There are 2 protein chains.
Amino acid sequence: MPVELTPSQALGLWHAVSLEQVRVDSRDLTLRQMAILLEIYLVPPPHTVRGLAAKLGVTKPVITRALDTMGALGLVDRVRDERDRRNVVIKRTVEGALYLEKFGDLIINQGRKL
Amino acid sequence: MPVELTPSQALGLWHAVSLEQVRVDSRDLTLRQMAILLEIYLVPPPHTVRGLAAKLGVTKPVITRALDTMGALGLVDRVRDERDRRNVVIKRTVEGALYLEKFGDLIINQGRKL
DNA sequence: CAACAAAGAAACGCTTGCGTAACGATCGGC
DNA sequence: GCCGATCGTTACGCAAGCGTTTCTTTGTTG
């Protein structure tokens, strides 16, 4: 189910959403953090630090730090994997789901306004 | 010409674009910087520090710093307004236009892949 | 069970962004 | 011409992110 956008619509959508998000939410996630958050919530688990690092093409500490930050914000949670205790499994949270749900609504609404 | 998106499409699009942008471009603009950049390129000039600050709902130093950063990247330029020399007019650059053009293509292509 | 490998976190020094407050330059009204 | 208002920048101390490297814990393999 492809979404066909003109260049003007594509940038206009990004513009409107970025603008509104900046105005509404003081939590200023970086693009990397946003990518990580969406990866966690949109791709089936399990998610690990190593896996996310590979997927985004960044180093592991980048993921660790992003999880620190977003964990403090309550957007994600970390649980040690009991089957291989070297691993940490990243868990979704209610607050994180809510955050993305609102963000999705923002995109939809700004898209309609185009 | 509204764009109708389902929640899944909206977040999926944002996910794909964020991911690809993180992987492709080391310039990691913050959401604020991106919002400023898009405002400059999508809204008719003139743009001033004060105007952008009001539009985004942030303080002036935030704009000044973002312009410093993006100016160093060649994405925007600053010119003193000769009619009221207190003002600074923010100018677009070829490189900035190119940057956004590529970014728009990224959005369009990821949208098609949904 | 010893040795190596792997996963994630922590340490390090550095850079960049933040909010608040102060500043110099410029304008406008009296 | 002066004085208050306006515009953008700078200064300050602080928080957060970065890349690289090192460390700790846990698994795996010979």
Side-chain angles (χ1 to χ4, degrees), chain A residues 18-19 21-40 45-91 99, chain B residues 18-19 21-40 45-92:
Chain A
S18 302
L19 208 59
Q21 182 68 8
V22 165
R23 296 170 63 95
V24 159
D25 199 320
S26 60
R27 283 174 295 197
D28 190 23
L29 296 192
T30 69
L31 188 65
R32 286 179 168 184
Q33 291 170 338
M34 195 47 144
I36 294 169
L37 192 63
L38 285 163
E39 180 76 17
I40 293 169
H47 299 286
T48 64
V49 172
R50 175 143 191 91
L52 290 173
K55 184 71 176 283
L56 297 229
V58 299
T59 60
K60 288 190 294 176
V62 166
I63 306 295
T64 294
R65 276 187 298 253
L67 294 179
D68 287 345
T69 303
M70 294 192 293
L73 293 175
L75 300 179
V76 298
D77 198 8
R78 271 188 276 206
V79 177
R80 193 111 237 157
D81 181 359
E82 286 304 330
R83 326 209 304 185
D84 182 343
R85 293 184 46 77
R86 286 174 305 181
N87 289 341
V88 161
V89 178
I90 293 107
K91 298 286 190 185
Y99 177 85
Chain B
S18 303
L19 208 58
Q21 181 69 7
V22 166
R23 296 170 63 96
V24 159
D25 199 320
S26 60
R27 284 174 293 199
D28 190 23
L29 296 191
T30 68
L31 188 65
R32 285 179 168 185
Q33 291 170 340
M34 195 47 141
I36 293 170
L37 192 62
L38 285 164
E39 180 75 17
I40 293 169
H47 298 287
T48 64
V49 173
R50 174 135 190 96
L52 291 172
K55 184 70 175 283
L56 297 231
V58 299
T59 60
K60 288 189 294 174
V62 167
I63 306 295
T64 294
R65 277 187 297 252
L67 294 179
D68 287 345
T69 302
M70 295 191 294
L73 293 175
L75 300 178
V76 298
D77 197 9
R78 271 188 276 206
V79 177
R80 192 113 239 155
D81 181 1
E82 286 305 329
R83 323 209 305 185
D84 181 343
R85 293 185 47 76
R86 288 174 303 181
N87 290 340
V88 161
V89 178
I90 292 108
K91 298 287 191 185
R92 302 168 184 168

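Sequence lines set the chain letters: A, B, ... in the order given, protein chains first and strands last, and positions in each chain run from 1. Bear in mind that the values here come from a model prediction, so they are computed numbers and not experimental data.
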Checklist entry - Mapping A:Pro61 and A:Asp84 to their closest nucleotides on DNA chain C, which lands nearer the 5' end? => result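 By nearest-heavy-atom nucleotide position, the 5'-most residue is A:Asp84.
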
Checklist entry - So which one's nearest nucleotide on DNA chain D is more toward 5', A:Thr69 or A:Arg85? => result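 Upstream on the strand: A:Thr69.
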
Item to check | Value in whole Å for how far the C1' atom of C:dG17 lies from CZ of A:Arg27 | outcome: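 So the CZ-C1' distance, A:Arg27 to C:dG17, works out to 19 Å.
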
Checklist entry - B:Leu29 CG to C:dT15 P: how many Å, rounded? => result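 Going from CG in B:Leu29 over to P in C:dT15 covers 20 Å.
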
OP1 or OP2 of [N] sitting under 4.0 Å from any side-chain N/O of [X]?
X       : N      : result
B:Gln33 : C:dT16 : no
A:Thr59 : D:dT20 : no
A:Thr64 : C:dA9  : yes

So which nucleotide from [options] ends up closest to the side chain of [X]?
X       : options               : result
A:Arg32 : D:dT9, C:dC18, D:dC18 : D:dC18
A:Asn87 : C:dA7, C:dA9, D:dG17  : C:dA7
A:Arg86 : D:dC18, D:dT21, C:dA7 : C:dA7

Checklist entry - Taking side chain as C-beta onward, heavy atoms only, is A:Arg27 less than 4.5 Å from B:Leu31? => result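 Answer no - side chains too far apart.
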
Next on the checklist: Taking donor-acceptor contacts at under 3.5 Å, does the side chain of A:Arg65 reach the base of D:dG19?
Outcome noted: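 Indeed there is one.
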
Next on the checklist: With hydrogens left out and only the distance checked, is there a donor-acceptor pair under 3.5 Å joining A:Arg80's side chain and the base of C:dG8?
Outcome noted: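 Between C:dG8 and A:Arg80, which were checked side chain against base, a qualifying N/O pair under 3.5 Å is absent.
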
Next on the checklist: Quick check on B:Arg92: does its CZ atom have over 12 non-hydrogen neighbours (other residues, nucleotides or ligands) under 6.0 Å away?
Outcome noted: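 More than 12 heavy atoms, drawn from other residues, nucleotides or ligands, come within 6.0 Å of this atom.
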
